[in-house]
Every structure is written in C-alpha cells, then in structure tokens.
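Atoms considered below: every heavy atom in the structure, side chains included; atoms not considered: hydrogens, waters and symmetry mates. Per chain, numbering begins at 1; letters A, B, ... match sequence-line order. Remember, predicted model here, so these are calculated numbers, not experimental data.
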2 protein chains.
Amino acid sequence: MSTPPLRRKRATVHDVAVEAGVSRGTVSRVVNGERYVSDEARVAIEAAIVKVGYVPNNAARNLVMQRTQAIGFIVHEPHSLFLEDPNIGEILLGANTALSDADYQMACLIVDSERDTDRVARYLSGGFVDGVIIVSARQNDPITRVVERLEIPAAFVGHPPDLARAPFVGIDNRGSARTITERLLGTGRTRVGMIAAALDRDSGADRLAGFTDALGSRFDPTLVERVPLYSYAAGRAGMHALLERAPDVDGIFAASDAVAAGVLDALREAGRSVPGDVGVVGFDDSAWAVRAQPALSTVHQPAEGLGRAVAESVLSQLRGEDQPVGGILLETPIVWRDSA
Amino acid sequence: MSTPPLRRKRATVHDVAVEAGVSRGTVSRVVNGERYVSDEARVAIEAAIVKVGYVPNNAARNLVMQRTQAIGFIVHEPHSLFLEDPNIGEILLGANTALSDADYQMACLIVDSERDTDRVARYLSGGFVDGVIIVSARQNDPITRVVERLEIPAAFVGHPPDLARAPFVGIDNRGSARTITERLLGTGRTRVGMIAAALDRDSGADRLAGFTDALGSRFDPTLVERVPLYSYAAGRAGMHALLERAPDVDGIFAASDAVAAGVLDALREAGRSVPGDVGVVGFDDSAWAVRAQPALSTVHQPAEGLGRAVAESVLSQLRGEDQPVGGILLETPIVWRDSA
DNA sequence: TTGAAAGCGTTACCAT
DNA sequence: ATGGTAACGCTTTCAA
C-alpha cells in the first residue's frame with residue numbers, strides 16, 4: 001500500500017514505454033505519427049498514453065529539434081496607434097488563429113522606441129523565434145535589416161520597401177484607391193481632394209498614387225493635404241488645413257477610415273454637409289466606418305484574412321515550401337454607404 | 001587551414017567555458033548572477049561571452065528548470081467583441097509590456113466557442129504555461145475551473161464570481177457607477193435610466209448595483225433596460241426599447257462607452273438632443289468617448305494599468321510572494337465632457 | 001570557489 | 001518494426 005503522491009509528476013515518454021511494454025523510441029514514433037509501427041504496438045501505446053495521462057514536454061522537444069515553436073509578431077507602431085488602428089488588432093487575431101492552429105505560439109513585440117528596436121533585434125538574434133511576421137515595416141527599418149541578415153523565415157503585411165523579393169501579403173492599395181476615387185468622381189464631383197497619410201509607408205504612398213491615377217489630367221496638387229499618421233486627429237487637422245486652402249472642394253478621399261472620421265468632424269465644424277456639400281470616402285472598412293455620421297463609403301480591407309495569410313506564409317516557409325514570388329494580394333471590395 | 005562554416009552554430013555554455021578556461025558550471029553561475037565566483041573568473045567569462053557571442057538557449061534552460069517562461073492570456077469573449085472593446089486591447093498591451101520586461105512570453109488565447117474551451121483547457125493542462133491571466137471570466141466558467149484544479153498561478157482582471165480568494169485586479173465598478181450616476185443626478189435630471197449590459201459578468205452586475213445605490217428610493221425599475229453585450233448595437237437597440245417604454249427619460253447611464261455611443265445615436269434618431277433633452281454618461285473612457293457626438297462624460301478605466309497589474313500579480317506569485325487578499329483596485333477618475 | 005558528472009524529456013541514428 | 005544509445009544545452013548537486 002504505497003502513499004499516492006499529492007501532485008502526480010507529469011508522465012514522460014518513459015512512463016508510457018514502460019506501461020505499454022515497448023521502448024521509448026517506439027513511443028516517440030507513435031506520438032509523432034511516423035510509419036513503421038505495428039498496429040499492435042500503436043494500440044498498446046495509445047492506451048498507455050491515456051492511462052498515464054501523457055502530454056509531450058515542449059521544452060524537451062524543442063531542445064532536441066532545435067526550434068522554438070514560436071513566431072514573432074512585430075508591430076512597428078507607437079503604442080497608441082496600435083490601439084487606434086483597428087486593422088492591426090484584426091491582423092493580430094487572424095495570425096494568432098492560424099498560428100495556434102499549427103501549434104505555434106505568437107510572441108507579440110511592439111516596437112515603439114529606439115530602445116525597443118534594440119530589444120527586439122536582440123530577441124530575434126537570440127533565436128527565440130522560428131520565424132517572424134512584420135506589420136507595417138518602414139523604409140530603412142532596422143528590424144527589417146536584422147531579419148534579413150539573420151535569414152530567418154519572415155513574411156510581411158504590406159510590401160516592405162527595401163526588400164524586393166520578400167514574401168508578403170497585402171492588398172492592392174494603389175488599385176483600390178484608384179477604384180474608389182473613380183467611384184467618387186462618378187457621383188459628379190469636380191473638385192476632389194485627398195487627405196494623404198503615412199507617406200513613409202508603402203500603403204500611404206500607394207493610396208496617393210492610386211488617387212493620382214484616377215484623377216489623371218484633372219489632378220490638382222493643391223487639393224492634396226499630407227498628414228503624418230492614419231489617425232482621427234491627423235484627418236481632422238488635415239481637413240481644416242485643406243479647407244483653408246481650397247474652400248471649394250466637393251469630394252475627399254481620406255487615406256483611412258480614421259482619417260475620414262476626422263475629416264467628417266472637420267467638415268461639420270466648418271458647416272459643410274456630407275454628402276450634400278462634399279462627398280467623403282475612406283479606406284479600411286473598420287469600425288470607424290459604420291460608426292461615422294454618415295456611415296462611410298470605403299474600401300474593405302480583409303484584415304483578419306491578411307493576418308491568417310501572413311501566418312500561413314511563414315508556416316509554409318518553415319515547412320520548406322517554395323514561396324510565390326511577388327507576394328499575395330487579397331481582394332478589397334468596395335462598400336458604398338452614405339458619405340458619398 | 002580549416003574551412004570556416006557558412007553559418008556559425010550558436011555558441012553554448014561549453015564554448016564559453018573553453019574560451020574562458022573554466023568549467024560549464026562556473027559559466028552557468030555567472031550567467032545567472034550567482035554568488036561564489038571569483039572576480040577573475042567572472043571577468044574572463046564575461047569577455048568570453050561577448051567574444052563567442054553566447055546567447056542562452058531557452059529550451060534547454062526551461063527543460064532543466066521545469067518551466068516554460070510563458071504566461072497564458074485568456075480572453076473569454078467573442079472575437080468580434082475582442083476587437084470592439086478597446087479595453088481588452090489596452091489590457092493586453094499593458095500585460096505584454098510587463099511580461100516581456102520580465103522575459104516572459106505572452107501566449108494569447110481567445111475563447112470563443114465550446115471547442116476553444118476544450119483546446120485551452122488542454123493547453124493549460126499540458127503545462128505549456130507557468131501562469132495565467134484571465135480577462136472577463138464568467139460565472140461558472142469552465143476555464144476558471146481548470147485553472148483552479150491545476151493550482152496554476154493565476155490572476156484575474158475583474159473579480160471572478162466563483163473564486164472567493166483568487167488574486168485579481170480591477171476597479172470599483174459599483175462605486176464608480178454610483179459616483180457618476182450621482183453626478184448625472186446632480187445636473188438636475190429627474191427621470192434617470194440605465195442601459196445595463198452584460199449582467200452575467202461581475203462588472204455588468206456591479207454597475208447596475210451602483211446605479212441603484214445612487215438612485216436610492218428614487219429607483220424606478222422600469223427605467224432600466226437590460227442588454228446582453230457591452231456593444232454599440234446593444235446600446236442603440238436598448239435605448240430605442242427604453243424610449244418606447246419611458247419617453248420621459250431625461251438622463252441615461254450607459255454601462256459602457258460603446259453602449260453610450262449606441263444610446264446617442266438612438267436618441268438622435270428619436271429626435272432628442274443631448275445633453276439638452278437628455279444627459280448621457282458612459283463608462284470606460286475609451287476611444288468611443290472622445291469620438292462621440294457630443295463627447296461623452298464617463299468613468300475613466302485605467303485599462304493599460306490593469307494589464308500591467310495583473311501581469312505583476314502573476315509574476316509575483318511565480319516568485320512565491322504572498323498575495324494581497326481581496327485583490328487590487330485601481331483608481332477610476334471621472335472625466336466630465338459634453339454629453340451631460 | 002570550482003570542476004565533474006548526473007540528469008531534464010525528447011528525438012534520431014544505427015543496429016537488429 | 002523495434003530497442004538501445006547518443007545527443008540537445010543547460011542547471012545543479014556533490015566533492016574537492
């Protein structure tokens with residue numbers, strides 16, 4: 001009559017092997033679903049596993065397999081914007097879903113300062129992750145360079161400006177911007193401007209390019225106001241500035257829904273009606289869009305899908321599969337509501 | 001003349017030991033900052049570490065130390081609400097910051113379905129985390145029970161209804177609700193109602209209780225409308241229903257800012273002015289609050305601080321320190337804006 | 001103060 | 001198909 005231990009130690013491969021009367025090697029083969037195990041052994045082992053309540057020890061497995069089973073999710077944004085930008089949250093969620101389905105852990109790293117950059121660079125160099133997802137890389141981003149030098153499997157959301165052949169998933173910012181601008185033009189507006197944001201990022205620059213494309217010869221540079229961030233505040237300030245310069249605008253393409261929300265408020269403050277006096281369109285189809293007064297006509301950005309897709313890309317690289325050159329572009333339907 | 005390897009293997013304690021002319025044990029002692037190492041040895045080892053570029057291997061360390069160096073962050077919410085509720089994002093951010101400062105990884109697990117519950121329960125039982133942070137636990141939550149049974153270090157955001165003495169950090173929902181309701185009453189309103197949400201959660205129930213406290217004998221049950229979620233849509237529908245039943249309300253305490261935003265729109269749709277016809281106050285001081293028209297008077301919830309604090313609580317348990325009984329309550333200043 | 005050696009729980013190789 | 005054995009990189013006794 002032995003005293004049962006208070007808290008049973010976790011069962012190991014060894015325990016399972018003893019219970020099933022086989023060797024540890026065979027147990028390992030069954031656990032990892034390899035071939036060359038007799039049905040007899042497999043059945044016995046499977047029974048033993050449930051009997052002793054075996055759960056593999058990740059640390060041990062990772063140690064011998066020389067991997068970490070973790071993927072870094074790097075966001076290069078100020079903390080506040082991380083929260084304000086609904087896309088990032090959704091991308092994170094999508095990536096997390098795909099990753100945890102594949103039994104990977106997501107290590108979320110937010111780069112906000114110089115110090116963060118160093119920390120993340122060290123983290124990456126330390127081999128704490130098997131791969132990395134990078135959201136909103138900037139031109140000449142130190143993180144991007146570390147990743148490149150390390151030759152660690154990586155995938156970007158949005159095309160990193162520096163790395164020509166890096167795997168990425170994104171949307172056709174330029175094409176979508178062009179399409180929605182044309183749509184806005186189609187409502188009969190003649191003085192259509194843009195609040196362009198984040199021009200140091202590919203998405204920002206591409207949206208402006210698409211806007212220019214749509215306008216063609218009608219393009220008037222004085223009708224575009226440049227603001228630094230995709231934010232409500234920037235949109236509001238930008239619209240006020242534009243109104244000052246060009247009181248006759250009758251249409252606005254805002255670089256994002258958050259910007260558009262700011263535009264709407266600025267317009268209201270200036271006594272302009274929407275869509276009566278001026279039509280406004282946004283970009284993202286985020287929570288801002290439905291919440292706005294009036295609800296925003298905008299470009300739908302499949303944020304969660306983007307997250308899932310980047311994750312899949314990294315996972316696929318980890319499996320050693322070839323990557324599609326030129327990245328993956330997801331669809332961006334236009335959703336037309338009341339603001340234009 | 002030996003060929004240099006293309007990609008240098010990662011240096012190990014062994015390499016450092018050889019380089020410094022000491023044993024692996026001593027290297028380990030230096031790396032972990034233990035006593036009983038001669039200055040001579042320490043200096044030599046530190047030099048060797050930078051020379052060979054040594055970075056500790058976490059898997060190996062975790063294996064021998066029987067820990068994972070990961071903390072689970074469990075959110076029991078539908079995916080969509082995870083995004084809509086700005087608090088959760090901030091809490092997550094705060095927790096992530098504290099955790100990564102302590103060299104812990106955060107494993108974010110979202111429980112949305114029955115299936116997720118099982119998956120998370122397995123994950124926890126599998127010993128994949130050293131501790132766990134739980135956000136928005138419900139009454140009779142299976143996850144909570146797993147955590148309890150496993151006796152794994154845990155801390156809650158908000159007081160879990162079932163676990164009397166579980167460490168938690170939160171705010172005084174009842175007191176805050178009472179305070180802001182009194183403030184609203186102080187503006188001279190006589191028919192003050194509430195859109196109460198999420199009554200299956202402590203926060204929801206407590207906010208209603210605080211409201212009731214404030215009203216005292218003036219409390220009129222027909223003026224409270226119950227809605228399931230802290231969401232914009234629920235708030236809007238709830239307000240419409242309440243207006244139907246009690247067209248004479250002149251004040252509303254909405255259970256959250258998102259709810260309040262819905263209330264505001266419902267009021268506008270019903271042709272009521274705010275704060276003219278009816279004064280509205282919310283709860284959270286989230287992005288919704290400033291964005292609303294008019295800007296919301298509300299209770300400030302220190303979301304990021306909550307995240308940091310729960311993380312610290314788990315970390316402290318891991319260090320074996322005593323826990324303050326009764327949990328930690330953070331301050332919730334009232335911010336008074338234009339909606340009342 | 002230090003070194004030697006014994007694990008931690010796996011997987012992987014090599015015979016059989 | 002299976003067992004034995006050697007890593008994987010680290011911490012932690014135990015002697016010295």
Looking at the side chain of [X], which of [options] is the nearest nucleotide?
X: B:Arg29; options: C:dT10, D:dT2, C:dT2; result: C:dT2
X: B:Val22; options: D:dC10, D:dG3, C:dG3; result: C:dG3
X: B:Ala41; options: C:dT2, D:dC10, C:dA12; result: C:dT2

Tell me whether the side-chain N/O atoms of [X] come closer than 4.0 Å to OP1 or OP2 in [N].
X: B:Asn32; N: D:dT11; result: yes
X: B:Ser23; N: C:dG3; result: yes
X: B:Tyr36; N: C:dG3; result: no
X: B:Ser38; N: C:dT2; result: yes
X: A:Ser28; N: C:dA12; result: no

How many whole angstroms separate atom [atom1] of [X] from atom [atom2] of [N]?
X: B:Gln66; N: D:dT11; atom1: CD; atom2: P; answer: 14 Å
X: B:Arg61; N: C:dG7; atom1: CZ; atom2: C1'; answer: 17 Å
X: A:Met65; N: C:dG9; atom1: CE; atom2: C1'; answer: 13 Å
X: A:Phe128; N: D:dC10; atom1: CZ; atom2: C1'; answer: 13 Å
X: A:Glu40; N: D:dT2; atom1: CD; atom2: P; answer: 8 Å
X: B:Arg67; N: C:dG9; atom1: CZ; atom2: P; answer: 15 Å
X: B:Tyr54; N: D:dG9; atom1: OH; atom2: C1'; answer: 7 Å
X: B:Gln69; N: D:dT11; atom1: CD; atom2: P; answer: 12 Å

**Prompt:** Within the structure shown, what part of the strands sits under 4.0 Å from A:Val16 by heavy-atom distance: base, sugar-phosphate, or nothing?
**Reply:** nothing
**Message:** At 4.0 Å (heavy atoms only), tell me whether A:Arg35 reaches a base, stays on the sugar-phosphate, or touches nothing.
**Reply:** nothing
**Message:** Counting only heavy atoms from other residues, nucleotides and ligands, does the tally under 6.0 Å from CD of B:Glu40 exceed 12?
**Reply:** no
**Prompt:** Between A:Phe168 and A:His159, how do the two ring planes meet: parallel, tilted or perpendicular, split at 30° and 60°?
**Reply:** parallel
**Item:** 5′-ward residue of the pair A:Asn57/B:Val64 relative to DNA chain C
**Value:** B:Val64
**Asked** Where is the tightest heavy-atom contact between B:Pro153 and B:Leu318, given as atom of each residue plus distance?
**Response** CG-CD1, 3.5 Å
**Request:** Locate the shortest heavy-atom distance separating B:Gly126 from A:Val55; write the atom from each residue and the value.
**Result:** CA-CG1, 3.6 Å
**Asked** With nearest nucleotides of DNA chain D determined for B:Ala59 and B:Thr26 from heavy-atom distances, which residue corresponds to the more 5′ nucleotide?
**Response** B:Ala59
**Message:** side chain to side chain donor-acceptor pair (under 3.5 Å), that's the test. Do B:Ser100 and B:Gln105 meet it? Break it down for me.
**Reply:** CA-CA 6 Å; B:Ser100 64; B:Gln105 250 193 72; over 6 Å; no
